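These figures come from a predicted structure and were not determined experimentally. Any value given below was found using the heavy atoms of this structure, including those in side chains, with hydrogens, waters and symmetry copies removed.
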Amino acid sequence: ARGPGRLLRRRLRARARRRSMTLAMMTTKMTMMMMMSSAFVARAENPLAPRLRDERIVLQTTLGDLTLALYDDAVAPATAARVLALFDAGAYATNHFFRVDKGFVAQIAECASGRRVAMNDEQRALATKTIPGEFSKTLRHARGTLSMARWTDADSATSSFSILLGDAKHLDGEYAIFGEMVDGEETLRRIEEVETRKEGIFVMPVERIEIEATYVTRPNASRSASTDATLREALNECRARADSLALELHEIREKRLPGN
């Protein structure tokens, strides 16, 4: 009687393990989809969106990292160039998200007034110079879209911009779209869920969401001839070592496993 009981228990344990593995795989898949959803939404809503530039801009915030990419010169070239120059100059470091309106926008303050640390002359000159309005008639404001903030004047944008938290059709054609978020959905969700308070027309976070540091990566930056030569030399050395190890392994197998 004990034999069938053991068999039944084994089957039940095996079934439970399979269910657990299936649940873990589903959870992993859902997590990956959630993390990538902003980039997919921005692209799905903007099928005619231009090519993304090679640079990636990383914002290291108090709630996690966000990675942004700018559109190439086909759309809002002056806006993209200014934002990139500001990040290259470190102007957004110690700035903050002063506005978090769930389902609408997470907006970064103007660098000239939003930073915790004083700006140097180069940063201030870049951050206070206005940008001409570059408004697209085809691109749509969707989750993950980067949209330049401005005052009533169409040419009054400086450094403040928003990451869209949802569709905002009333902004289409009125504000410059210049890129999209390509990584950091989990961080964006954490930002969206913070406690907020209403101040005038703005919904603002109760606790400061600071951009602690930023950096720009350029994976396709051109290398010097000397760098290429060094890399080729290192590659050849690795190949030679691999060939030597393969030969040594073959000789060992011949000695210890005759006939193979």
Which heavy atom of [X] sits nearest a heavy atom of [Y], and at what distance?
X	Y	value
Ala106	Ile191	CB-CG2, 4.2 Å
Asn95	Ala109	ND2-O, 2.8 Å
Ala76	Phe178	CB-CB, 4.1 Å

Quiz item: Per the side chain to side chain donor-acceptor pair (under 3.5 Å) rule, which among Glu193, Glu192, Glu186 passes with Arg190?
Solution: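 Of the listed options, the one satisfying the test is Glu186.
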Do [X] and [Y] touch side chain to side chain, with heavy atoms closer than 4.5 Å?
X	Y	value
Arg53	Asp72	yes
Val83	Met148	yes
Tyr71	Leu139	yes
Trp151	Thr130	no

Quiz prompt | Gln123 side-chain N/O to Ala89 backbone N/O, donor-acceptor pair under 3.5 Å | solution = yes
Quiz prompt | Asp155 side chain vs Gly133 backbone, donor-acceptor pair below 3.5 Å | solution =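 Yes, Asp155 side chain to Gly133 backbone: donor-acceptor pair under 3.5 Å.
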Exercise. Report the C-alpha distance between Cys111 and Met119 in whole Å, list the side-chain angles of each, state the deciding distance to 0.1 Å, and finish with yes or no for side-chain contact (heavy atoms from CB on, under 4.5 Å).
Key: CA-CA 8 Å; Cys111 296; Met119 307 180 80; 3.9 Å; yes
Quiz item: Below 4.0 angstrom, N of the basic side chain to O of the carboxylate: do Glu134 and Arg82 qualify?
Solution: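 No, no charged N to carboxylate O under 4.0 Å.
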Nearest 0.5 Å, what's the [atom1]-[atom2] distance between [X] and [Y]?
X	Y	atom1	atom2	result
Arg115	Ser159	CZ	OG	10.5 Å
Leu66	Ile108	CG	CD1	8.0 Å
Arg150	Ser160	CZ	OG	12.5 Å
Asp172	Ile177	CG	CD1	6.0 Å
Asp101	Thr196	CG	OG1	8.0 Å
Leu146	Met181	CG	CE	9.0 Å

When clusters are formed by joining ILVMFWY residues with side-chain heavy atoms under 4.5 Å apart, either directly or through shared neighbours, do [X] and [Y] land in the same one?
X	Y	value
Val216	Leu59	yes
Val105	Met204	no
Val182	Val75	yes
Leu165	Phe98	no
Ile131	Ile163	yes

Quiz item: Going through the distances and angles, do Val194 and Val206 end up as a side-chain contact (heavy atoms from CB on, under 4.5 Å)?
Solution: CA-CA 8 Å; Val194 299; Val206 172; over 6 Å; no
Quiz item: Given His141 and Glu174, is the side-chain contact (heavy atoms from CB on, under 4.5 Å) satisfied, shown in steps?
Solution: CA-CA 10 Å; His141 283 77; Glu174 299 291 331; over 6 Å; no
Self-check item: Stepwise side-chain contact (heavy atoms from CB on, under 4.5 Å) test for Arg208 and Thr62
Solution: CA-CA 9 Å; Arg208 183 181 175 91; Thr62 48; over 6 Å; no
Quiz prompt | Passing option when Phe161 is tested against Tyr175, Tyr92, Phe97 for ring pair (Phe, Tyr, Trp, His ring centres under 6.0 Å) | solution = Tyr92
